[in-house]
Amino acid sequence: DIFGTFLSGNSGHGIYVQSCGGTVVSNNFVVNCCRSTTTFESQGVAHIGVSTGDLAVYPTGNITPVIVSNNNVNAPRGPCIYVATCSVPVLTTGNIITSSGTSAVRGEAIIYTRTNGAMINSNIIKHVNANYSAISVLAGTGQSLDGHDISHNKINGSGAGSNISVNRVTTGVHSNVNMIGNRVSGALTSYAFFLEGITNLSFSNNNGDSSGIVFYMTSCVNVRGSCNRLYSSLAGSAIIFTGTVSGSFFDKTNNLYGRIQNDVGSGMLIEQFA
């Protein structure tokens, strides 16, 4: 029951880790924070917030990661776990998360911004916010982020929000990303996976269901897709490759069910269509 009415609405954290590596946030139950927060972005305000400091410090110097694990987080408003501007790796693993807010005010289950080496693994998420992703990893304008691993998360989603999103603002870019073994299901009417601005992506053994666009990839380079199941009942384009997706290949181990749109000039080679 943390309101977040002080500091001109720039508060409301249940737990906040600032400017310190080596912290472990584990085995907590956090519920109903950010009740009156108005500005989430200024401090990465969330039920659990992590902001260790200058992005430029990593990966040089001592590596003292932050671990956010085995927490139970229930957020009727605002993000559940928000990792912003971190100079050390942050591992978010094994959490049980209910992101129940349907407000237009931020509502991600897990969001990473301006952070290298995002490690988001084995979380169980229920997500109903139609305006924000369940898991979001964002590169800001001109930022080059490296070394993300988003694996073995189980998401039950509903509505039109993306459920796993790795994207950017204008010229941002992500490099060397692994997305393995994620499961996205539920009453989902839009993107199970939304991928933008990635160089060197391994996308394998992921399973996504949607009655809308189940998979969207744009402006990605050197992608390898294998052993994925992507299913959509949408009559129109449900699996979309657009922009420049050069040097990229989806082999016939993928089970693709739905109309595939592979734009002229994208550069994506698809061994077997739906």
Side-chain angles (χ1 to χ4, degrees), residues 59 89 91-93 110 112 115-123 133-139 143-155 162-168 171-185 188 190-210 212-232 234 237-274:
L91 171 62
T92 299
T93 183
I110 300 172
Y112 277 60
T115 299
N116 274 315
M119 293 178 289
I120 305 170
N121 310 127
S122 302
N123 300 283
S133 303
I135 295 176
S136 177
V137 180
L138 178 66
Q143 291 178 339
S144 296
L145 305 181
D146 181 78
H148 305 320
D149 184 85
I150 305 166
S151 299
H152 305 294
N153 299 286
K154 184 176 182 180
I155 300 171
S162 303
N163 273 270
I164 298 182
S165 174
V166 180
N167 64 348
R168 64 182 182 180
T171 57
V173 64
H174 302 272
S175 300
N176 305 312
V177 177
N178 292 326
M179 297 182 66
I180 301 170
N182 298 287
R183 172 69 171 122
V184 179
S185 62
L188 188 63
S190 191
Y191 310 106
F193 301 95
F194 184 100
L195 308 176
E196 177 186 26
I198 304 172
T199 299
N200 302 330
L201 167 64
S202 177
F203 187 82
S204 65
N205 296 94
N206 298 287
N207 193 325
D209 285 276
S210 176
I213 298 171
V214 66
F215 180 87
Y216 185 94
M217 176 179 288
T218 181
S219 302
C220 296
V221 178
N222 195 17
V223 176
R224 291 296 180 269
S226 62
C227 299
N228 301 287
R229 176 189 173 275
L230 302 173
Y231 178 95
S232 176
L234 183 68
S237 298
I239 299 167
I240 298 175
F241 301 94
T242 187
T244 300
V245 194
S246 61
S248 299
F249 186 60
F250 261 51
D251 65 35
K252 64 182 178 182
T253 64
N254 295 286
N255 180 3
L256 308 177
Y257 187 95
R259 180 178 292 177
I260 297 175
Q261 175 184 323
N262 191 15
D263 286 351
V264 173
S266 80
M268 173 60 73
L269 300 177
I270 301 174
E271 189 171 13
Q272 183 170 297
F273 280 75

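Here Ile213 contributes atom CD1 and Ile240 contributes atom CD1; the two are 4.0 Å apart, rounded to the nearest 0.5 Å. From Asp251, atom CG reaches atom OG of Ser204 across 10.0 Å, with rounding to the nearest 0.5 Å. Atom CG of Leu138 sits about 10.0 Å away from atom OG1 of Thr115, to the nearest 0.5 Å. Between Asn163 atom CG and Arg183 atom CZ the span is 11.0 Å, to the nearest 0.5 Å. We find the OG-CG distance between Ser151 and Asn205 to be 10.0 Å, quoted to the nearest 0.5 Å. Note that OH of Tyr216 is 8.0 Å distant from CD of Gln261, once rounded to the nearest 0.5 Å.
For Ser232 (side chain) and Gly212 (main-chain N/O), a donor-acceptor pair under 3.5 Å exists by modelled atom type. A donor-acceptor pair under 3.5 Å is formed between the side chain of Glu271 and the backbone N or O of Lys252. A donor-acceptor contact shorter than 3.5 Å is absent between the side chain of Asn176 and the backbone of Asn200. At least one donor-acceptor pair closer than 3.5 Å links the side chain of Asn254 to the backbone N or O of Asn228. Using a distance-only test at 3.5 Å, with no hydrogens or angles considered, no donor-acceptor pair links the side chain of His174 to the main chain of Gly197. A distance-only check finds no donor-acceptor pair linking the side chain of Asp149 to the backbone of Asn121 [under 3.5 Å].
Counting all heavy atoms, side chain and backbone alike, Arg168 lies closest to Ser219 at NH2-CB, 3.7 Å. Closest non-hydrogen pair, Ser248 versus Val223, comes out as OG-N, 3.0 Å. Closest non-hydrogen pair, Ser133 versus Ser165, comes out as OG-CB, 3.3 Å. Taking all atoms of both residues into account, the shortest heavy-atom contact from Ile150 to Ile135 is CG2-CG2, 4.5 Å. Minimum heavy-atom separation, Arg229 to Asp209: NH1-OD2, 3.0 Å. Contact record, Ser210 with Leu188: OG-O, 3.4 Å, taken as the closest heavy-atom pair.
A heavy-atom distance below 4.5 Å is not found between the side chains of Arg224 and Ser202. Two residues are said to be in side-chain contact when any heavy atoms from C-beta on lie closer than 4.5 Å; Phe241 and Ile270 meet this criterion. By the 4.5 Å heavy-atom criterion applied to side chains, Ile198 and His148 are not counted as neighbours. Residues Thr242 and Met268 are not in side-chain contact: their nearest non-hydrogen atoms beyond the backbone lie 4.5 Å or more apart. For the pair Asn255/Tyr231, no side-chain contact is recorded, criterion being any heavy-atom separation below 4.5 Å from C-beta on. In this structure, Ile155 and Asn182 have side chains that are not in contact, with every pair of non-hydrogen atoms separated by 4.5 Å or more. Under the 4.5 Å side-chain criterion, counting only non-hydrogen atoms from C-beta, Val137 is in contact with Ile120.
Ring planes of Phe203 and Phe193: perpendicular class, angle over 60° (limits at 30 and 60°).
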Problem set entry | Stepwise side chain to side chain contact (heavy atoms under 4.5 Å, CB included) test for Leu145 and Tyr112 | CA-CA 11 Å; Leu145 305 181; Tyr112 277 60; over 6 Å; no
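Annotation: Tyr257, atom OH; neighbour count of heavy atoms from other residues, nucleotides and ligands within 6.0 Å does not exceed 12.
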